[in-house]
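Scroll down for the structure; my scribbles are underneath it.
All of these numbers come straight from a predicted model, not from anything done at the bench.
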Amino acid sequence: MANEADEPREDEPREADQAEPDFDMVMVPSLPGGRSIYPAEQQGRFIWLVAEGAMTEKCFDEMRDYIRYIIENRLWIQNWDGKPPPDPDGTPG
């Protein structure tokens, strides 16, 4: 069930520092520490690394399509502060 928050924000101009980030998800053979998924982020680029076998290919494709929809319709913007993402245990990267 869609709601107002799911609607594209065409009426809000995007500022220069809010350009649509390059997004993708990539299957990798493995990740350090036995992680299943890890966000590899830098300014203007956001890639989710997913360990092979951590999710089905169907789930992977559907999730990637949904996140692309969110980004393309400006329901999410990258607010890059230059810090690496935290480790899953909550400690800074």
What's the separation between atom CZ in F23 and atom CD1 in I70, rounded to the nearest 0.5 Å?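 F23 atom CZ to I70 atom CD1 measures 9.0 Å (nearest 0.5 Å).
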Drop me the distance from T56's OG1 to M63's CE, to the nearest 0.5 angstrom. 11.5 Å
Do [X] and [Y] have side chains that get closer than 4.5 Å, going by heavy atoms?
X   : Y   : value
Y38 : V28 : no
M55 : V50 : yes
M27 : E57 : no
R68 : D24 : yes

Can we say R64 and D61 salt-bridge, meaning some charged N sits less than 4.0 Å from an Asp/Glu carboxylate O? yes
Before accepting this row, confirm whether a basic side-chain N of the pair K58/E62 lies closer than 4.0 Å to the acidic partner's carboxylate O.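 Between E62 and K58 there is a salt bridge, with a charged N closer than 4.0 Å to a carboxylate O.
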Are R35 and I37 close enough, and set up right, to give a side-chain contact (heavy atoms from CB on, under 4.5 Å), and what steps lead you there? CA-CA 6 Å; R35 292 182 178 133; I37 190 164; over 6 Å; no
Please confirm whether W48 and F60 have ring centers closer than 6.0 angstrom.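 Judged by ring-centre distance (under 6.0 Å), W48 and F60 do not meet the cut-off.
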Determine, stepwise, if the pair F46 / I67 fulfils side-chain contact (heavy atoms from CB on, under 4.5 Å). CA-CA 11 Å; F46 190 74; I67 294 173; 5.9 Å; no
L49 to L31 - nearest heavy-atom pair and separation: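 That would be O-CD1, 3.7 Å.
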Tell me the closest heavy-atom pair linking A51 and S30, and the distance in Å. CB-CA, 4.4 Å
